[in-house]
Trainee: 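Sharing a structure with you now.
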Amino acid sequence: MAFPMAAPAALAAARLARAALADLWQALAASHRMAAPVACDGVFRFQETADLAAVRLDYNTTILPAKKFFYPPVETIFRFHRHRGALAPDEEACEARRPLALFGLHGCDVRALELLDQVYTGEFSDPAYARARAETFIVALSCLEPGPSCFCTSFRSGPFPESGFDLLLTDLGGHYLVEAGSARGAGLLQQLGAEPADSEDQLLKTHRLREAVARFRRHIPTEGLPRLLNQAFQHPVWQALKDQCLSCGTCTVVCPTCYCFNVWDKVNLDLETGERKMAWDSCQLLDFGQVALGQNFRRDRAARIKQRIYHKLNYFREQYGKFGCVGCGRCVEACVKHIDPVTIVAALKGV
Amino acid sequence: MRILLQPELVEITEVRQETRDTFTMRFRFPSPSLAAAFGFQPGQFNMLTVFGVGEAPISLSSCPRQQEYFEHTIRTVGNVTRAISRLQPGGRLGLRGPYGRGWPMEEIKGHDILVVAGGIGLAPLRGAIGCILAEPENYGRLEILYGARSPEDQIFTYEYAGWRAHPRVALRLSVDRAPGIHPGAGEDAAARTGAAAAGTDPPDAGRRFDRVGPVTTLFPDVELEPANTAVLMCGPEVMMRFAVAQLLERGFRAEQIYVSLERRMECGLGKCGHCLIGPVYVCKDGPVFSYAEIRDLPEEVF
Ligand SMILES: Cc1cc2nc3c(=O)[nH]c(=O)nc-3n(C[C@H](O)[C@H](O)[C@H](O)COP(=O)(O)OP(=O)(O)OC[C@H]3O[C@@H](n4cnc5c(N)ncnc54)[C@H](O)[C@@H]3O)c2cc1C
Ligand code: SF4
Ligand code: SF4
Ligand code: FES
């Protein structure tokens with residue numbers, strides 16, 4: 001399943017005066033919970049907000065990616081009674097909520113959601129995730145200024161997204177170019193009555209894209225990457241990394257395409273009732289591969305570091321057809337030891 | 001994910017103690033509709049829940065042809081398995097499944113079958129043996145090699161006589177150690193004492209053994225030829241490593257050897273990532289793999 005549905009080619013692109021951005025916001029807010037990048041303690045985060053004035057479209061990457069809206073860090077799977085088993089989900093949890101609109105997602109984060117779709121739908125599709133994704137309206141934003149750790153151009157997930165959005169905003173200076181990526185995006189444009197864009201706007205966008213791409217200083221060369229990695233499993237780089245990495249798992253928490261989780265039971269004080277919980281987990285943690293009697297399939301820290309890098313750059317592609325890294329740079333920014341996929345690949349290449 | 005991780009309640013109808021730390025539980029569904037919906041292949045597994053303790057992946061150990069009930073054979077090693085071991089007939093467990101890809105019962109039709117099992121590893125193979133014996137015309141000869149730590153650790157001993165009774169079945173047993181016998185002691189002596197030991201243990205005519213040592217010490221006795229034989233194997237990973245290596249040496253091809261792998265599993269559905277070996281999800285792509293499928297994975301299996 002593709003989210004959202006691809007738009008027929010005829011569907012529109014429009015020019016939106018800067019002041020008219022509020023109209024777009026209002027039109028969406030009428031029927032959606034709005035979530036957008038806002039500044040908070042000197043960093044940016046995606047959060048629900050009713051106020052366009054608080055939204056920072058000049059943001060660089062947020063701390064946590066947008067996956068948290070579809071797949072929360074901790075979730076109750078069900079409540080149980082020790083003898084009666086799983087109880088029906090609470091009414092409260094089932095209460096219909098207004099759909100979400102994500103406003104101002106960069107290309108890396110849009111691609112990351114498309115990749116998570118591969119994991120959570122497809123075989124054993126998760127209906128709750130699929131529903132949330134299908135009903136979420138995505139207003140993507142072309143990224144003009146890469147952050148210091150970004151390398152999305154390597155995977156063509158950015159700086160300007162090409163798919164996975166309902167509407168795409170590109171700041172052309174005096175006004176925005178708004179392009180529809182879905183039928184409902186086109187419908188909204190129609191509703192706004194915005195002036196159609198012309199070829200000059202498209203030219204300007206292309207120009208902006210070229211400028212943005214030229215600002216990137218960091219790349220992972222993807223050509224021949226699978227082969228390079230396949231031959232580098234015993235490379236000394238991994239042993240060197242082993243001495244740096246703290247196995248803290250921060251890199252996977254902030255990664256927009258990491259999807260692993262853990263499941264456990266929490267018993268209430270009455271010792272009769274409780275909840276089964278799930279929470280984000282990390283392959284970087286020692287007990288991730290641990291089974292009974294102390295056996296552990298990834299006891300060696302080097303093996304755990306390799307698991308992350310290989311999953312992002314090799315295995316995910318074998319599993320789902322695309323690279324599992326979107327080049328958002330979050331793991332690099334978050335790592336106290338500055339462990340960095342870009343420099344790792346460079347080292348493996350011997351440059 | 002929530003709906004995919006919801007267990008159903010099943011009722012325990014019978015418990016059999018297999019060994020000191022291993023037991024077999026028989027289950028039935030509380031409603032006929034659930035029972036009808038539950039079909040499985042030998043080698044598949046369920047996620048079993050004790051509410052308040054947790055969940056564990058456990059293989060189905062009965063034969064799917066038996067439709068009134070199904071069974072699990074469980075070794076008590078930790079929290080969930082211990083909590084399950086405390087339950088009695090009439091008690092209830094949470095269950096979701098069946099999951100995974102079981103033994104390739106269709107592909108191996110027309111072949112001789114060599115079963116190699118160690119310890120609790122015989123549990124997922126009992127159903128496969130049952131299926132083969134239920135339609136012997138579809139399979140060739142069957143040789144079962146089973147290694148346990150000691151005679152007291154053998155499971156399914158009540159099945160052995162029935163298996164042996166089939167004209168085209170050979171069952172060969174090894175134990176890592178037996179009272180009064182040292183590995184490497186004269187083979188005949190081992191066999192004799194093995195039989196004698198069984199004799200002194202009358203309630204369980206099954207508890208005997210042919211050799212002392214790891215299950216691979218039974219390999220010289222194997223009569224099946226590599227050319228037309230499929231191998232079904234499950235046991236501790238060290239055992240499988242040695243067994244696979246020796247079979248390859250004997251002329252078996254990696255494609256003929258099927259192994260069932262254990263990994264940590266939190267979902268069983270290819271979502272939680274815990275069971276990954278390289279790009280392979282052991283839970284849904286396996287747990288049964290031909291050795292050819294896993295031999296060249298970047299994270300070495302064995
Ligand atoms: C496909 C498959 C089939 C199996 N079939 C059988 C079978 O038929 N019979 C049988 O007896 N066994 C079987 N097993 C093994 C069985 O699943 C384990 O023995 C069982 O999970 C042990 O659970 P426990 O809670 O009793 O042990 P514990 O040691 O209490 O817990 C083990 C499990 O808890 C979790 N865990 C361990 N350490 C930690 C930690 N530090 N932090 C967080 N979590 C941790 C992991 O999920 C680990 O697997 C099978 C395993 C697999 C994968
Ligand atoms: S691996 Fe790092 S750069 Fe790549 S998507 Fe994950 S957080 Fe972003
Ligand atoms: S295995 Fe590691 S790198 Fe791969 S998705 Fe899970 S946590 Fe992320
Ligand atoms: S057990 Fe969760 S992915 Fe395999």
Side-chain angles (χ1 to χ4, degrees), chain A residues 71 75-78 80-86 89 93 119-120 122-129 229-230 233 258-268 271-274 276 278 281-283 287-293 295-298 303 306-307 310-311 314-320, chain B residues 1-10 30 47 49-57 75-83 91-96 99 236-237 261-285 296-301:
Chain A
Y71 169 30
E75 216 175 346
T76 297
I77 304 171
F78 53 78
F80 59 78
H81 184 284
R82 242 158 36 92
H83 304 296
R84 280 183 276 140
V119 179
Y120 281 109
E123 200 182 352
F124 298 112
S125 180
D126 172 11
Y129 175 94
L229 286 168
N230 282 335
F233 212 75
C258 271
Y259 56 84
C260 291
F261 63 83
N262 202 3
V263 175
W264 78 98
D265 284 6
K266 178 177 155 289
V267 181
N268 296 330
L271 299 182
E272 285 297 321
T273 60
R276 178 155 295 169
M278 62 185 278
D281 200 359
S282 171
C283 64
D287 63 17
F288 189 83
Q290 182 155 325
V291 296
L293 305 176
Q295 195 183 354
N296 192 328
F297 292 100
R298 253 182 242 115
K306 279 193 271 189
Q307 172 64 12
Y310 276 80
H311 197 192
N314 241 19
Y315 308 154
F316 199 96
R317 212 178 40 87
E318 292 173 43
Q319 295 168 311
Y320 304 107
Chain B
M1 278 315 290
R2 294 184 304 204
I3 196 85
L4 297 176
L5 300 176
Q6 296 274 339
E8 305 280 354
L9 278 180
V10 290
M47 296 294 286
T49 279
V50 176
F51 293 99
V53 183
E55 223 174 10
R75 184 170 163 223
T76 306
V77 293
N79 296 332
V80 176
T81 48
R82 191 176 311 110
R92 295 192 294 181
L93 266 184
L95 174 149
R96 56 190 182 87
Y99 295 131
E237 217 149 290
L261 299 183
E262 178 183 359
R263 282 297 180 278
R264 178 156 163 201
M265 296 186 180
E266 299 286 327
C267 72
L269 303 157
K271 311 286 188 200
C272 78
H274 281 268
C275 68
L276 282 170
I277 309 177
V280 166
Y281 290 104
V282 173
C283 65
K284 78 177 172 77
D285 302 331
D296 301 324
L297 287 177
E299 291 196 279
E300 230 171 273
V301 183

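Computed from a predicted structure; not experimentally measured. Quick note on labels: first sequence line is chain A, next is B, and so on, each numbered from 1.
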Trainee: Are B:Leu276 and A:Gln319 side-chain neighbours, meaning at least one heavy-atom pair lies under 4.5 Å?
Mentor: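 Contact flag for B:Leu276/A:Gln319 side chains = yes.
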Trainee: Ring-plane angle category for B:Phe51 and A:Phe80, please: parallel below 30°, perpendicular beyond 60°, tilted otherwise.
Mentor: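 Taking A:Phe80 first and then B:Phe51, their aromatic rings sit tilted (interplane angle of 30° to 60°).
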Trainee: Can you tell which part of B:Ile3 gets under 4.5 Å to a heavy atom of chain A, answering side chain, backbone, both or neither?
Mentor: side chain
Trainee: Which distance, rounded to the nearest 0.5 Å, do you find between the CZ of A:Phe233 and the CG of B:Leu297?
Mentor: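 Here the rounded value is 9.5 Å.
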Trainee: Hey, what do you get for CD (A:Gln307) to CD (B:Glu299), rounding to the nearest 0.5 Å?
Mentor: 5.0 Å
Trainee: Answer with side chain, backbone, both or neither: which region of A:Arg298 has an atom nearer than 4.5 Å to a non-hydrogen atom of chain B?
Mentor: side chain
Trainee: For the OH atom of A:Tyr129 and the CG atom of B:Leu4, what is their distance to the nearest 0.5 Å?
Mentor: 13.0 Å
Trainee: Heavy-atom cut-off 4.5 Å, strictly under: side chain, backbone, both or neither for B:Val53 against chain A?
Mentor: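 Only the backbone of B:Val53 comes within 4.5 Å of chain A.
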Trainee: Quick one: which of B:Glu237, B:Glu55, B:Glu8 has the most heavy-atom pairs under 4.5 Å with chain A, could you say?
Mentor: B:Glu55
Trainee: Please look at A:Val119 and chain B and tell me whether the side chain, the backbone, both or neither of the residue comes under 4.5 angstrom of a heavy atom of that chain.
Mentor: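 Both backbone and side chain of A:Val119 come within 4.5 Å of chain B.
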Trainee: Would you say A:Tyr259 and B:Lys271 make side-chain contact, with heavy atoms under 4.5 Å?
Mentor: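 In short, these two side chains do not touch, never coming nearer than 4.5 Å.
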Trainee: Kindly indicate whether a cation-pi arrangement holds for B:Arg264 with A:Phe297, taking the cut-offs as under 6.0 Å to the six-membered ring centre and within 45° of the axis.
Mentor: no
Trainee: Pick one of side chain, backbone, both or neither for A:Asp281, based on which atoms fall under 4.5 Å of a heavy atom in chain B.
Mentor: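 When you check distances to chain B, only side chain atoms of A:Asp281 fall under 4.5 Å.
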Trainee: Among A:His83, A:Arg276, A:Gln295, which residue forms the greatest number of heavy-atom pairs with chain B at distances under 4.5 Å?
Mentor: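 That would be A:Arg276.
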Trainee: Quick check on A:Thr273 against chain B: is it the side chain, the backbone, both or neither that has a heavy atom closer than 4.5 Å?
Mentor: neither
Trainee: Any non-hydrogen side-chain atom of B:Tyr281 less than 4.5 Å from a side-chain atom of A:Glu123?
Mentor: no
Trainee: Taking all non-hydrogen atoms of both residues, which atom of A:Cys260 and which atom of B:Gly273 are closest, and how far apart?
Mentor: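 Between these two residues, the closest heavy atoms are SG-CA, 3.5 Å.
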Trainee: Please look at B:Leu269 and chain A and tell me whether the side chain, the backbone, both or neither of the residue comes under 4.5 angstrom of a heavy atom of that chain.
Mentor: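 Both parts, backbone and side chain.
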Trainee: Could you look at A:Tyr120 and say if it's the side chain, the backbone, both or neither that has a heavy atom under 4.5 Å from chain B?
Mentor: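 A:Tyr120 touches chain B through backbone and side-chain heavy atoms alike.
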Trainee: Would you mind checking which part of A:Glu75 comes under 4.5 Å of any heavy atom in chain B, side chain (CB onward), backbone (N, CA, C, O), both or neither?
Mentor: side chain
Trainee: Heavy-atom pairs under 4.5 Å with chain A - which of B:His274, B:Glu266, B:Glu262 has more of them than the others?
Mentor: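 Sorted descending by pairs with chain A, the first entry is B:His274.
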Trainee: Please report the closest heavy-atom contact between A:Tyr320 and B:Gly270, naming both atoms and the distance.
Mentor: OH-O, 4.2 Å
Trainee: Side chain, backbone, both or neither: which part of B:Arg263 has an atom under 4.5 Å from a heavy atom of chain A?
Mentor: both
